[in-house]
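The basis for the numbers below is simple: all heavy atoms, side chains too, and nothing from hydrogens, waters or symmetry mates. Bear in mind that the values here come from a model prediction, so they are computed numbers and not experimental data. Residue numbers run from 1 in the order of the sequence given.
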Amino acid sequence: MNQLIFGNLVHRPLRSIISAFAVAIEVLMILSITAVMLGMLNGSREQNSGIGMDMIVRPSASSVLMTGSAASTSVKVADVLKKLPHVQVASPGNAKFTIGAQVENIFGIDYDTFNALRPFEFVSGGPFAGPDDVIVDDFQAATAPHHKVGDTIKILNHNFRISGIFKHGKGARKFVPLETMDALDGTPGKASFFYLRTDDAATPEAKLAIQEEVRKEILATDGMQQYNVQTLDEFLAGLTPDHLPGFNIALNVVIGIAVVIGFLVIFQSMYTAVMERTREIGILKSMGAGRFSIVSVVLRETGLLAVAGIVLGIASTYLLSHFLHARFPTQSFAVTPQWVVYASCISLAGAFFGALYPALKAARKDPIDALSYE
């Protein structure tokens, strides 16, 4: 039977290759879309962890990613926050989500307070020297066309001069002065969030107690009762697929399309194979092969095609990951073992379901009719 299965695959090499490629494309689609989407989330988590803040204060209408609405709160709120007990630094900011040559967040910051959270590590150049200056991280500078200090780049339809290049991991890849961001946004003197750094503590429990006290002080302040106050851990916990509207929907749509493609190709391939082997099936049944044996032959053949396609799809995904990282250093691409297993199981199940009807059709063939088939 094993020789028969291999012989069937070799007898129609082009069809076998196309079937395997269909499964590979299915795996590649699932892994690549999840890698891009999860990579964006993981990248955001890593970037926010490197800012140096441990609490975030936002107007209640702000989105999870802080990019859903214009700045609406006076920057002077930072003066109120920094006077609270246990607050060492309060830094106002304004973030804008842009889709152009790349998808990115542009941060408008008050440099002195933002740098006080955790100092920038400059690779070259330094802080803003004027309102039209921008500082970018080393990944952004390495992205084609490569940039260096003194170059001019366009951000939000405004020309900025690069005054410094810093080591990545500070919340965003491009920072401009908060006053300039507000002017471009039409919201002078406003901020969309405030980063806080609170007192250090000897233990995590003591740190949490300090943060809770700061939270209560903020919410007890006149005019701030409706503000959203989160610790860094709470904020990062919100950067998951389940907390982002549409994330899982988009993911499921792509997976569904990929499964349909794999199912149809395998179904068509195995159905055609069964029709071509009608006489062969009759010979097997006349020699005593039962229905289970016939079904087993078709499904085992499908299993070999699916496994070959899965291996090819996984290898192609990792090659694509390396290519994208080299071509787009700022884009996070997270191929996780968990999703490799999921994609493999989904593709294997889709292939078997696609071959099930042809297998059952082959098993039901009458041996006499099959032997007389021309």
Notebook entry, point to check: Is there a path of hydrophobic side-chain contacts, each under 4.5 Å between heavy atoms of I, L, V, M, F, W or Y residues, that connects Val335 with Leu319?
Noted result: no
Margin query: If you define the side chain from C-beta out and look only at heavy atoms, does anything of Leu196 sit under 4.5 Å from Met53?
Written below: no
Checklist line | Arg161 and Asp151: CA distance, side-chain angles, deciding distance, salt bridge (charged side-chain N to carboxylate O under 4.0 Å, His left out) verdict | finding: CA-CA 6 Å; Arg161 183 189 72 89; Asp151 287 350; over 6 Å; no
Please report, to 0.1 Å, the donor-acceptor pairs under 3.5 Å made by any side chain of residues 303-317, with sequence neighbours excluded.
residue	atom	partner	partner atom	Å
Ser316	OG	Leu312	O	2.8
Thr317	OG1	Gly313	O	2.8

Next item on the list: Using side-chain contact (heavy atoms from CB on, under 4.5 Å) as the criterion, list what pairs up with Leu184, not counting sequence neighbours.
Entry: Leu156, His158, Phe160, Thr180
Item checked: Ser192 versus Asn94, closest heavy-atom pair with distance -> OG-CA, 3.3 Å
Item checked: CG-CD distance between Leu31 and Glu26, expressed to the nearest 0.5 angstrom -> 10.5 Å
Note to self: If you count heavy atoms of other groups shown closer than 6.0 angstrom to CD of Glu121, is the number above 12?
What the structure shows: no
Next item on the list: Rounded to the nearest 0.5 Å, what's the gap from CG on Leu38 to CD1 on Ile33? Could you check?
Entry: 10.0 Å
Next item on the list: Indicate the atoms forming the closest heavy-atom contact of Ser74 with Phe194, along with that distance.
Entry: O-CZ, 3.4 Å
Check: So, Glu213 and Lys216, do they make that salt bridge, N to O below 4.0 Å?
Finding: no
Item checked: Donor-acceptor contact present, side-chain Gln225 to main-chain Gly223, <3.5 Å -> yes
Item checked: Derivation of the side chain to side chain contact (heavy atoms under 4.5 Å, CB included) call for Gln230 and Met55 -> CA-CA 6 Å; Gln230 291 179 299; Met55 295 191 74; over 6 Å; no
Note to self: Distance check, rounded to the nearest 0.5 Å: Asn228 atom CG versus Ile56 atom CD1?
What the structure shows: 9.0 Å
Check: What's the shortest heavy-atom distance between Lys207 and Thr198, and which atoms?
Finding: NZ-OG1, 2.9 Å
Check: Is the shortest side-chain N to carboxylate O distance from Asp79 to Lys76 below 4.0 Å?
Finding: no
Item checked: Arg118 backbone acceptor or donor facing Lys170 side chain under 3.5 Å -> yes
Item checked: Worked verdict on Val57 versus Phe193 for side chain to side chain contact (heavy atoms under 4.5 Å, CB included) -> CA-CA 6 Å; Val57 180; Phe193 59 85; over 6 Å; no
Check: So, for Ile165 and Ala141, which heavy atoms are closest and what is the spacing to 0.1 Å?
Finding: CD1-CB, 3.8 Å
Next item on the list: Return each pair, listed once, that meets ring-ring contact (aromatic ring centres under 6.0 Å, His included) where at least one residue sits in residues 109-134; pairs must be two or more places apart or across chains.
Entry: Tyr111-Phe120, Tyr111-Phe128, Phe114-Phe120, Phe114-Phe175, Phe120-Phe122, Phe120-Phe166, Phe120-Phe175
Checklist line | Nearest-0.5 Å distance that lies between atom CG in Asn48 and atom CD in Glu46 | finding: 10.5 Å
Margin query: Could you see if Val77 belongs to whatever hydrophobic cluster contains Val75? Use Ile, Leu, Val, Met, Phe, Trp, Tyr and a side-chain cutoff under 4.5 Å.
Written below: no
Margin query: Between Val253 and Met29, is there shared hydrophobic-cluster membership here, with clusters defined by ILVMFWY side-chain heavy atoms closer than 4.5 Å?
Written below: yes
Note to self: Is it the case that the side chain of Asp133 and the backbone of Ala129 share a donor-acceptor pair, with hydrogens and angles ignored and the cut-off at 3.5 Å?
What the structure shows: yes
Check: Do the side chains of Phe139 and Val176 join up, straight or via other hydrophobic residues, at under 4.5 Å, putting them in one cluster?
Finding: no
Checklist line | Stepwise side chain to side chain contact (heavy atoms under 4.5 Å, CB included) check, His147 with Val136 | finding: CA-CA 9 Å; His147 297 297; Val136 301; 5.5 Å; no
Next item on the list: With rounding to the nearest 0.5 Å, note down the distance linking CG in Asp112 to CG in Asp110.
Entry: 6.0 Å
Note to self: Between Asn159 and Asp132, do the side chains contain a donor N or O and an acceptor N or O under 3.5 Å apart?
What the structure shows: no
Next item on the list: Give the minimum heavy-atom separation between Ser91 and Thr113, together with the two atoms involved.
Entry: OG-OG1, 3.0 Å
Next item on the list: Taking Arg215 for its side chain and Val229 for its backbone only, find out whether a donor-acceptor pair lies under 3.5 Å.
Entry: yes
Without placing hydrogens or testing angles, list every side-chain donor-acceptor pair under 3.5 Å for residues 343-351, not counting sequence neighbours.
residue	atom	partner	partner atom	Å
Ser344	OG	Val340	O	2.7
Ser347	OG	Ala343	O	2.8

Notebook entry, point to check: Is Arg173 salt-bridged to Asp137, going by a charged N under 4.0 Å from an acidic O?
Noted result: yes
Margin query: Looking at every non-hydrogen atom in both residues, tell me the closest pair between Leu178 and Gly108 and how far apart they are.
Written below: CD1-O, 3.6 Å
Margin query: Starting from Val27, can I reach Tyr318 by hopping between I/L/V/M/F/W/Y residues whose side chains sit under 4.5 Å apart?
Written below: yes
Item checked: Chi angles and distances behind the side chain to side chain contact (heavy atoms under 4.5 Å, CB included) call for Ser32, Leu320 -> CA-CA 8 Å; Ser32 60; Leu320 178 63; 4.1 Å; yes
Next item on the list: Find the distance between CD1 (Ile162) and OG (Ser124) and round it off to the nearest 0.5 Å.
Entry: 9.0 Å
Next item on the list: Please check if the side chain of Asp182 supplies one atom and the backbone of Lys190 the other of a donor-acceptor pair under 3.5 Å.
Entry: yes
Margin query: Would you call the rings of Trp339 and Tyr342 parallel, tilted or perpendicular, taking 30° and 60° as the class edges?
Written below: perpendicular
Checklist line | Residues forming a side-chain contact (heavy atoms from CB on, under 4.5 Å) with Thr221, sequence neighbours excluded | finding: Val80, Leu84, Met224
Check: Listed by chain and number, what are the side-chain contact (heavy atoms from CB on, under 4.5 Å) partners of Gln88, not counting sequence neighbours?
Finding: Arg197, Asp199
